[in-house]
Participant: 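The structure's right below; bear with me while I get my questions together.
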2 protein chains.
Amino acid sequence: MKDVIKNRCDHPTADMIYESCRLLEPNISLGTVYRNLKLLADEGDIITLETSDKKIHYDGDISRHSHFICEKCGKIIDLFKPSKLPDELTELGLTVKGEKCIYYGDCTDCTIKN
Amino acid sequence: MKDVIKNRCDHPTADMIYESCRLLEPNISLGTVYRNLKLLADEGDIITLETSDKKIHYDGDISRHSHFICEKCGKIIDLFKPSKLPDELTELGLTVKGEKCIYYGDCTDCTIKN
DNA sequence: ATAATAATAGTAATCATTACTGATAACGAA
DNA sequence: TTCGTTATCAGTAATGATTACTATTATTAT
């Protein structure tokens with residue numbers, strides 16, 4: 001299950017992961033997928049992305065990076081050079097353990113098309 | 001409805017907004033609240049925050065700012081000095097229209113308590 | 001005033017996610 | 001091996017935030 005997520009470079013939903021797992025293990029149940037995803041997320045082995053499509057997207061890449069989501073086609077693009085943390089965080093005495101930065105707009109393909 | 005959200009400085013859920021509205025307009029229905037929230041969000045009058053608590057939080061402040069969410073107490077803190085956009089966005093030819101940066105960790109109160 | 005249109009209350013439906021249940025596997029001790 | 005304990009899972013039911021629908025009421029224009 002962990003490998004299934006780690007080996008893909010997209011940001012699949014539970015449903016998509018379920019489909020992938022069924023190729024290897026045809027009898028796996030959706031409940032098991034959800035349970036294992038929760039375990040993996042709790043242990044910090046994977047990351048969850050709460051987007052505006054009301055489905056949780058999972059990311060096997062736990063290195064510090066951000067995301068861009070195209071509002072037209074829904075594509076999710078990784079940004080591996082995120083900006084540094086706002087100074088305000090330390091100024092306010094906040095201990096940061098994680099960040100989820102999502103930028104919204106039009107991807108290159110959709111910009112060209114319109 | 002718009003005023004109800006604009007006049008509060010927290011990040012209420014639809015349910016909380018429903019409660020607030022009922023003080024002014026006791027017969028308003030939850031469906032109306034959801035519909036109007038959707039309209040306001042579509043027009044860019046308010047912002048939605050998809051957090052890990054599976055409820056949408058609404059923000060009447062549409063100025064550019066980020067958020068910090070305490071993983072212990074769930075408090076949402078505004079960050080009004082967000083860092084600048086990653087250079088990578090323009091390098092990749094992406095047109096940014098919005099951003100939702102959420103930082104997770106322990107707030108000052110919760111850090112002191114533990 | 002009347003017809004056309006928009007907004008709303010109230011409720012039913014949706015659907016991603018979670019919880020539950022009964023069965024099966026794994027493992028260790030006697 | 002046999003019994004007891006524990007963990008895992010498939011399958012399904014329940015949950016709950018959100019959305020869709022419908023009948024009714026307000027609003028506006030003619």
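Quick note: numbers below take in every heavy atom, side chains included, and nothing from hydrogens, waters or symmetry partners. These numbers were taken from a predicted model, which means no experiment stands behind them.
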Participant: Quickly work out the A/K55 NZ to D/dA17 P distance and round it to whole Å.
Facilitator: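 One finds 20 Å between P of D/dA17 and NZ of A/K55, rounded.
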Participant: If only side-chain N and O atoms of B/Y34 are considered, is one of them under 4.0 Å from the OP1 or OP2 phosphate oxygen of D/dT19?
Facilitator: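 For D/dT19, neither OP1 nor OP2 has a side-chain N or O of B/Y34 closer than 4.0 Å.
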Participant: Of the options C/dT18, D/dT18, D/dA10, whose atoms approach the side-chain atoms of B/A14 most closely?
Facilitator: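 Of all the options, the side chain of B/A14 is nearest to D/dT18.
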Participant: Less than 4.0 angstrom between a side-chain N/O of A/S29 and OP1 or OP2 of D/dG11, yes or no?
Facilitator: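 Indeed not, no polar side-chain atom of A/S29 lies that close.
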Participant: Select base, sugar-phosphate, or nothing to describe what B/N36 touches, counting heavy atoms under 4.0 Å on all strands.
Facilitator: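 If one applies the 4.0 Å heavy-atom cut-off, B/N36 turns out to touch the sugar-phosphate alone, with no base involved.
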Participant: Rounded to whole angstrom units, what separation is found between the CG atom of B/D42 and the C1' atom of D/dT19?
Facilitator: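 Checked: the CG to C1' distance equals 13 Å.
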Participant: Could you check which of D/dT19, C/dT17, D/dA17 has an atom nearest any side-chain atom of A/K54?
Facilitator: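 Looking only at side-chain atoms, A/K54 lies closest to D/dT19.
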Participant: Whole Å only: how far is the CD atom of B/E25 from the P atom of D/dA26?
Facilitator: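 For the pair B/E25 CD and D/dA26 P, the rounded distance is 12 Å.
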Participant: Whole angstroms only, please: what is the CG-C1' distance between A/L40 and D/dT8?
Facilitator: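 Value for this atom pair: 15 Å.
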Participant: Checking A/T111 side chain against A/C107 main chain: does a donor-acceptor pair fall under 3.5 Å?
Facilitator: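 A pair under 3.5 Å: yes.
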Participant: Side-chain contact, heavy-atom cut-off 4.5 Å: B/D61 with B/I47?
Facilitator: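 Result no, sub-4.5 Å side-chain heavy-atom pair not found.
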Participant: Atom CG of A/L39 and atom C1' of D/dT8: how far apart are they, to the nearest Å?
Facilitator: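 In whole Å, D/dT8 C1' lies 11 Å from A/L39 CG.
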Participant: What nucleotide among D/dG11, D/dT18, C/dT18 has an atom nearest to a side-chain atom of B/I56?
Facilitator: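 Between D/dG11, D/dT18, C/dT18, the one nearest the side chain of B/I56 would be D/dT18.
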Participant: For residues B/D53 and B/T51, is any side-chain donor paired with an opposing acceptor at under 3.5 Å?
Facilitator: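 Judged by distance alone, the side chains do pair up.
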Participant: Using whole Å, report how far CG of A/D53 lies from C1' of D/dT19.
Facilitator: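 The distance from CG of A/D53 to C1' of D/dT19 comes to 15 Å, rounded to the nearest Å.
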Participant: Let me know the distance between CG of B/D15 and P of D/dT18, rounded to the nearest Å.
Facilitator: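 The answer, rounded to whole Å, is 8 Å.
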Participant: Do A/D78 and A/H11 have side chains that get closer than 4.5 Å, going by heavy atoms?
Facilitator: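 They are in contact (side-chain heavy atoms under 4.5 Å apart), so the answer is yes.
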Participant: Output the single nucleotide from D/dT19, C/dA16, C/dA9 whose closest atom is nearest the side chain of B/T32.
Facilitator: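 Shortest atom-to-atom distance from the side chain points to C/dA9.
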Participant: Which residue lies toward the 5' end of DNA chain D, A/I28 or B/G31, if each is placed at its nearest nucleotide?
Facilitator: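 Nearest nucleotide further toward 5': that of A/I28.
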Participant: For the residue pair B/H57 / B/D10, report whether a side-chain donor-acceptor contact shorter than 3.5 Å exists.
Facilitator: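 There is no such pair (donor and acceptor under 3.5 Å, judged by atom type) between the side chains of B/D10 and B/H57.
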Participant: Tell me whether the OP1 or OP2 atom of D/dC9 has a side-chain N or O from A/R35 closer than 4.0 Å.
Facilitator: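 True: A/R35 side-chain N/O within range (under 4.0 Å) of D/dC9 OP1/OP2.
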Participant: Give the rounded distance in Å between these two atoms: CG of A/L37 and P of C/dT17.
Facilitator: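 Rounded to whole Å, this separation is 9 Å.
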